[in-house]
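Both backbone and side-chain heavy atoms feed into the values below; hydrogens, waters and symmetry mates do not.
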Amino acid sequence: MSELLGVAVLGAGHMGADHVRRIDKVVSGARVAAVADPDTARAEAAVAGIDGVSVHAEAAAALDAPGVGAVLIASPGPAHEEALLAAFARGLPVLCEKPLVPESDGALRVVEAEVRLGRRLAQVGFMRRYDPEYQRLKSLLDSGRLGRPLMLHCTHRNVASPPGFTSAMLVNSSVSHEIDAARWLLGQELAAVTVLRPQPSSNAPEGLIDPQFVVFETAGGALVDVEVFVNSGFGYQVTCEAVCESGSARIGDEHTMTVTTAGGTHEEVAQDYLVRFADAYDREVQAWVDATRAGRVTGPGVWDGYAASAVAEAGVRALENGGRVAVDLAPRPDLYA
C-alpha cells in the first residue's frame with residue numbers, strides 16, 4: 001500500500017497538537033487529513049504550515065472529511081465514547097488516547113460495540129508498552145529467567161498538577177498507566193485496590209490528596225504498589241521494579257542525560273511525559289499506522305481500556321472510603337481471548 005493513510009485527529013490540545021506534529025514530521029506512511037476541536041483557532045494553530053488539512057469544530061465532520069481513513073482521538077476523556085462509536089459506525093480504525101472512556105460502563109459499551117462488529121478496530125494509547133525499557137522488562141519477565149513475579153514497585157512523579165486536578169485523578173488519570181503496565185507485564189488482571197493517604201505535601205494545592213500510595217492485588221497473587229506524587233516540584237519520574245522468586249529488575253532510573261560544565265556535573269530530569277516518553281509515542285503511532293495500512297489492529301485494545309477504567313473506578317472508591325475494594329470486571333469476550 002503506497003498511498004498515505006489520511007488521519008483525522010480529534011482534539012488539538014497539548015496531546016492532540018503533539019500528535020499532529022508527530023504524524024506530519026516523524027511518522028512515515030501517514031498524513032494529517034483533518035483536525036477537529038471546538039476551539040477552531042487552536043486547531044488552526046496546530047496545523048499551521050501543513051497543506052491539505054481541513055479544520056472542523058465537530059468530530060463527526062472531521063470523520064467525514066475527504067481523505068480520512070483512520071482516526072486518532074486525543075480529545076478529553078468524556079468525549080471518547082461518542083467519537084469511538086462514530087468511528088466504528090464508519091468502519092474507521094482508531095488510536096484512542098487513554099482513558100478509553102473514563103467510566104467503566106461507557107467503556108464496556110465500547111467493548112460491546114466492537115464485539116458486535118466481530119473484529120477489532122481500536123487501539124488504546126497506553127504508550128508505555130512501546131517504551132524500550134518497559135519492553136525489555138516485559139521480555140525478561142516472559143522469559144522466566146527471574147522466576148515467578150511476586151511484586152512490582154512503581155513510582156510516578158510529576159513536577160506539578162495542572163489546574164483543576166482532583167484527588168481522584170491521581171488514580172484514574174495518573175495511575176491508569178501503571179494499571180495497564182502491571183496487567184501487561186504480569187499477564188494478570190488486577191483484582192483489588194487499596195489506597196493509602198500520607199499527610200499531603202505542602203506543595204499540593206489546597207484540598208488535593210497528594211501523594212498517594214496505591215496497592216493492587218492481582219488475580220495471580222502478586223502485589224503492585226504505586227507511589228503517585230503529582231506535585232514533586234522537581235521533575236517527571238517513572239520507575240518500575242519487578243521482584244521475582246530468583247531476582248529483580250528495575251527500569252526508569254537511567255532515562256536521563258548527564259551534563260558536565262565548569263560548575264560541575266548534574267543529571268537532567270525530564271519535566272513532563274512528552275519528553276520522557278517521546279520515543280514511546282513515536283513508536284506507538286508508527287506501529288499503529290503500519291498495522292492500519294496492512295489491515296490489522298495490534299497493541300492494547302478496548303478490553304484493556306475497559307479493564308483500566310474498571311480498576312481505576314475501584315481505586316477511586318478505595319481512596320474515598322479508605323478500605324480495600326474488589327475490582328468488578330465483566331466476562332471477557334472471545335474476541336479478546
Side-chain angles (χ1 to χ4, degrees), residues 70-71 73 80-81 83-85 87-131 134-135 137-144 147-150 152 176-193 216-224 242 244 283-284 287-315 326-337:
V71 186
I73 300 175
H80 288 185
E81 181 179 356
L84 282 157
L85 297 180
F88 288 176
R90 292 162 172 80
L92 293 172
V94 183
L95 173 58
C96 181
E97 277 298 340
K98 68 89 184 171
L100 177 73
V101 178
E103 299 79 20
S104 64
D105 287 349
L108 186 58
R109 287 193 291 269
V110 173
V111 168
E112 293 167 346
E114 193 176 57
V115 168
R116 287 194 295 271
L117 291 174
R119 61 191 178 101
R120 286 187 57 191
L121 269 184
Q123 176 179 326
V124 182
F126 290 119
M127 80 293 183
R128 291 191 191 176
R129 298 193 188 198
Y130 295 88
D131 177 72
Y134 273 88
Q135 290 181 336
L137 181 58
K138 171 67 171 171
S139 296
L140 179 60
L141 295 178
D142 286 351
S143 74
R148 180 170 59 89
L150 304 174
L152 291 182
S176 64
H177 281 294
E178 277 75 22
I179 291 171
D180 181 72
R183 294 180 61 252
W184 174 63
L185 289 170
L186 300 175
Q188 302 174 29
E189 294 293 358
L190 304 184
V193 193
F216 299 107
E217 302 167 41
T218 77
L223 291 178
V224 180
C244 305
R283 289 169 176 260
E284 173 192 53
W288 174 66
V289 168
D290 291 345
T292 299
R293 283 163 55 86
R296 298 180 290 108
V297 178
T298 59
V302 298
W303 175 260
D304 299 299
Y306 159 70
S309 293
V311 174
E313 279 188 352
V327 177
D328 183 19
L329 280 183
R332 186 168 184 156
D334 292 341
L335 181 64
Y336 311 111

Could you tell me which non-hydrogen atom of Ala310 sits nearest to which non-hydrogen atom of Asp328, and how far apart they are? CB-O, 4.2 Å
Separation of Ser309 OG from Glu103 CD (nearest 0.5 Å): 8.0 Å
Within a reach of under 6.0 Å around CG of Asp142, are more than 12 heavy atoms found that belong to other residues, nucleotides or ligands? yes
Hey, what's the ring geometry for His177 with Phe126, parallel, tilted or perpendicular (30° and 60° as the breaks)? perpendicular
Going through the checks in order, is the side chain to side chain contact (heavy atoms under 4.5 Å, CB included) test met by Met127 and Asp131? CA-CA 7 Å; Met127 80 293 183; Asp131 177 72; over 6 Å; no
Inter-residue atom distance Ser104.OG - Leu329.CG, 0.5 Å rounding: 9.0 Å
Note: Glu178-Arg128 ion pair, threshold 4.0 Å (strictly below): yes
His80 side chain vs Val101 backbone, donor-acceptor pair below 3.5 Å: no
For the atom pair CZ (Phe216) and CD (Glu189), what is the distance rounded to the nearest 0.5 Å? 12.5 Å
What are the two closest heavy atoms between Val327 and Ala314, and how far apart are they? CG2-CB, 3.9 Å
Closest contact, heavy atoms only, Glu284 versus Gly125: OE2-CA, 3.0 Å
Could you check if a side-chain atom of Leu92 sits within less than 4.5 angstrom of a side-chain atom of Leu121, using non-hydrogen atoms only? no
Please confirm whether the backbone N or O of Tyr336 pairs with a side-chain atom of Arg332, one donor and one acceptor, at under 3.5 Å? yes
Checking Lys98 against Leu100 for the side chain to side chain contact (heavy atoms under 4.5 Å, CB included) test, could you report, in this order, the C-alpha distance in whole Å, the side-chain angles of both residues, the deciding distance, and whether it holds? CA-CA 5 Å; Lys98 68 89 184 171; Leu100 177 73; over 6 Å; no
Any salt bridge between Asp304 and Arg129, counting N to O under 4.0 Å? yes
Side chain to side chain contact (heavy atoms under 4.5 Å, CB included) between Leu335 and Trp303, worked out: CA-CA 9 Å; Leu335 181 64; Trp303 175 260; over 6 Å; no
Could you give the distance from SG (Cys96) to CG (Leu84), rounded to the nearest 0.5 Å? 4.5 Å
Closest non-hydrogen contact found for Pro333 with Val115 is CB-CG2, 3.8 Å
How about Cys244 and Leu141: do any of their side-chain heavy atoms sit closer than 4.5 Å? yes
If you look at every heavy atom in Val111 and Tyr306, which pair is closest and at what distance? CG2-CB, 3.8 Å
Roughly how far, to the nearest 0.5 Å, is the CD atom of Glu81 from the CD1 atom of Ile73? 11.0 Å
Within the structure provided, determine whether Leu185 and Leu137 are in side-chain contact (heavy-atom separation under 4.5 Å). yes
What's the separation between atom OH in Tyr130 and atom CZ in Arg283, rounded to the nearest 0.5 Å? 11.5 Å
At their closest point, which heavy atom of Val193 faces which heavy atom of Gly315, and how far apart are they? CG1-CA, 3.7 Å
In the structure I gave you, are the side-chain heavy atoms of Leu190 and Glu217 within less than 4.5 Å of one another anywhere? no
Report the C-alpha distance between Gln123 and Thr298 in whole Å, list the side-chain angles of each, state the deciding distance to 0.1 Å, and finish with yes or no for side chain to side chain contact (heavy atoms under 4.5 Å, CB included). CA-CA 7 Å; Gln123 176 179 326; Thr298 59; 4.2 Å; yes
